[in-house]
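I'd like to ask some things about the structure below.
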Amino acid sequence: MSQSPRQMHLGVFVLGTGNHIAGWRYPGAAQSFEDLGVVQEIGRIAERGKFDLIFLGDNLASEPGMHPSFAARFEPLTMLAALAATTTHVGLGATASTTYNEPYNVARTFASLDHLSGGRAAWNAVTSSGEKAADNFGRIHPEHDARYEVAEEFVDVVRGLWDCWDDGAIIRDHATGRYIDPAKVKPLDHEGRFFRVKGPLPTSRTPQGQPIILQAGSSEPGLALAARTADVVFAVVQDLEEAKAGYTALKSRMPAFGRDPDTLAVLPGVMPVVGRTEAEARERLNTLQSFVNTDNALSMLSSRLGVDVSGFPLDALVPELPLPDSSHGFARVMLAKALRERMTWRDLFNLTGAARGHWVICGAPESIADTLQEWFEAGACDGFNILPPYFPGGFDDFVDLVVPVLQERGLFRREYSGTTLREHLGLDRPRSRLFHP
Ligand SMILES: Cc1cc2nc3c(=O)[nH]c(=O)nc-3n(C[C@H](O)[C@H](O)[C@H](O)COP(=O)(O)O)c2cc1C
């Protein structure tokens, strides 16, 4: 997958007001996720840092109690289409739900983005764990495993639609007046348990052949879907040994689907709080934590755990909790950490307030690079999904202070060697399986 020697892949998780729940209160931080200028600036920083990928999440409901960027934000595909025009290399990834969309629409929008961006589109296929979305679609939120059964077929239909056009189908033959070679476009004619889709799309084969598929589920059916279909997986981690076990377990599922484990990049989410010195980094984290509002942090924690913790005594130790169907990845990892480290509810909500349940590292550039290197070389990941606590400063610090250390150590590219996301990830461009089975 990667060039020799093996190098990291880096993505950036974009929330305009910062990944930290109170990042927007940090002096100089961006104030809005409804601001194209903010996202364009993030695009420029990502390309200066030679990042593989920018990622925009989505929830299909406004959640003002949790995080300012969950309250008010643009529809991610619209935002990425605008960003495609002001960036040239960085991959552009966004979430689209397999529970509240039709595969035809998802296939079409990501195929269009792949054309618009010259081969940089990536789809984060999520099943939508948040029940609030159901109210916006006049639906009853399906159960967890039922959502994944739909997702399995949904992803196949999307990929099938992307394969309906072979390369070279548009011939533009002025002599004969033929624009398209009809032998190179076919319907999909999919008739499955959940979807009936004829195809083809009104969008020709895309620069990447198939846009990249991202996934972030960590339940049993989530891992099965990722092992079969994902190119990149965002992992939730808090502990090196756990991350190594999760990495090995996911990759070991791939050969059963005829896939080489090296064709999947596992990127754990990490919030780096960087200072020029350890003391400066610590002070930054303390400042950010002093801005955390208890109500927001408790709603975020309740949502991540799938259990309403708002009435729990803050200074009591976190007990073993039966976790409901709606939580999974974040909940399991956070609860394991709380029990391992004998945390109180207050400790856990501080942690969730900081990075929404993701891993936080704080320090000077060298020590942050040491930790990332250790994880990468220990077989815990193929790179990282970076969650800057606030933008643009928190991302500038990572790109200008930590990335050069990683480059110096040969762990990360100094220049892009290709122009598509597939090339950054070291993945081959697939041929259409409809035409070349
Ligand atoms: C980095 C990361 C980004 C995610 N982005 C989204 C998102 O944008 N929208 C969403 O509904 N779920 C998102 N999720 C949630 C997962 O995709 C998944 O739905 C959730 O973990 C439940 O799946 P599971 O039960 O298989 O773990 C994200 C998770 C992670 C770790």
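Just follow the structure's listing: the first ligand is 1, and inside any ligand the first atom is 1. In this text, all values refer to a predicted model and were calculated from it rather than measured experimentally.
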- Message: Geometry only, no angles: is N385 polar-contacting ligand 1 at N/O separations under 3.5 Å?
- Response: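 No: no nitrogen or oxygen of N385 is under 3.5 Å from one in ligand 1.
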- Query: What part of L223, side chain from CB on, backbone N/CA/C/O, both or neither, has a heavy atom under 4.0 Å from ligand 1?
  - Reply: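 It is neither part, as no heavy atom is under 4.0 Å.
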- Message: Y26: which residues meet the side-chain hydrogen bond (donor to acceptor under 3.5 Å, both in side chains) condition with it, sequence neighbours left out?
- Response: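 Result, side-chain hydrogen bond (donor to acceptor under 3.5 Å, both in side chains) vs Y26: R284.
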- Residues in side-chain contact (heavy atoms from CB on, under 4.5 Å) contact with A85, at least two apart in sequence or another chain: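 With neighbours one apart ignored, the set is empty.
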- Query: Which pair of non-hydrogen atoms, one from I54 and one from G43, has the smallest distance, and what is that distance?
  - Reply: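 Heavy-atom minimum between the residues: CD1-CA, 3.7 Å.
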- Query: Could an N or O of ligand 1 be found under 3.5 Å from any N or O of H358, whether backbone or side chain?
  - Reply: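 In this structure, H358 places no N or O atom under 3.5 Å from an N or O of ligand 1.
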- Task: Check V14, D400, V12, V274 against F395 for a side chain to side chain contact (heavy atoms under 4.5 Å, CB included) and give me the one that passes.
- Result: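 Filter result, single survivor: V12.
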- Give the atoms of ligand 1, by number and element, whose distance to some non-hydrogen atom of S219 is under 4.0 Å.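 Those of ligand 1 that fall under 4.0 Å from S219 are 24 (P), 25 (O), 26 (O), 27 (O).
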- Task: Could you tell me whether some N/O pair between S128 and ligand 1 is separated by less than 3.5 angstrom?
- Result: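 Such a contact does not occur with ligand 1.
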- Message: So for G269, does at least one of its heavy atoms come nearer than 4.0 angstrom to any atom of ligand 1?
- Response: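 Heavy atoms of G269 never come under 4.0 Å of ligand 1.
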- Option with minimal heavy-atom separation from atom 27 (O) of ligand 1, where the choices are S97, S218, S129: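 Residue with the shortest heavy-atom distance to the ligand atom: S218.
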- Can you list the ligand 1 atoms lying under 4.0 Å from a non-hydrogen atom of T95?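 The list of qualifying atoms is 7 (C), 8 (O), 9 (N).
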- Task: Answer side chain, backbone, both or neither: which part of V236 comes under 4.0 Å from ligand 1, heavy atoms only.
- Result: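 Side chain only; the backbone of V236 stays clear of ligand 1.
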- Task: Answer with yes or no whether N124 contacts ligand 1, where contact means a heavy atom under 4.0 Å from a ligand atom.
- Result: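 Per 4.0 Å heavy-atom rule, N124 contacts ligand 1.
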- Ring geometry between F312 and W345 (parallel below 30°, tilted from 30 to 60°, perpendicular above 60°):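 Correct class here is perpendicular.
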- Query: Is the ring centre of H20 less than 6.0 Å from the ring centre of Y390?
  - Reply: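 Between Y390 and H20, which both carry aromatic rings, the centre distance is not below 6.0 Å.
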- Message: Aromatic contact between F55 and F234, with the criterion being ring centroids under 6.0 Å apart: yes or no?
- Response: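 They qualify: ring centres under 6.0 Å apart.
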- For N59, atoms of ligand 1 separated by under 4.0 Å from a heavy atom: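 With N59 as reference, the close atoms of ligand 1 come out as 9 (N), 10 (C), 11 (O).
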- Task: Look at the rings of F384 and W359 and say which category their plane angle falls in: under 30° parallel, 30 to 60° tilted, over 60° perpendicular.
- Result: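 Judged by the thresholds at 30° and 60°, the geometry between F384 and W359 is tilted.
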- Numbering the atoms of ligand 1 from 1, which are under 4.0 Å from a heavy atom of G57?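 Near G57, the atoms of ligand 1 are 8 (O).
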- Check for a donor-acceptor pair, side chain of R6 on one end and backbone N or O of F376 on the other, with a separation under 3.5 Å.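 Yes; judged by distance alone, with no hydrogens or angles, the pair exists.
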- H144 contact mode with ligand 1 (heavy-atom cut-off under 4.0 Å):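 Only the side chain of H144 comes within reach of ligand 1.
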- Query: Within the side chain of E63, is there an N or O that forms a donor-acceptor pair under 3.5 Å with the backbone of M66?
  - Reply: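 The answer is no, because no donor-acceptor pair under 3.5 Å joins these two groups.
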- Out of A216, P76, A61, whose heavy atom is nearest to atom 14 (N) of ligand 1?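 Residue with the shortest heavy-atom distance to the ligand atom: A216.
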- Message: Judged on heavy-atom distance to atom 23 (O) of ligand 1, which of F70, F13, Y148 sits nearest?
- Response: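 Result: the heavy atom closest to atom 23 (O) of ligand 1 is in Y148.
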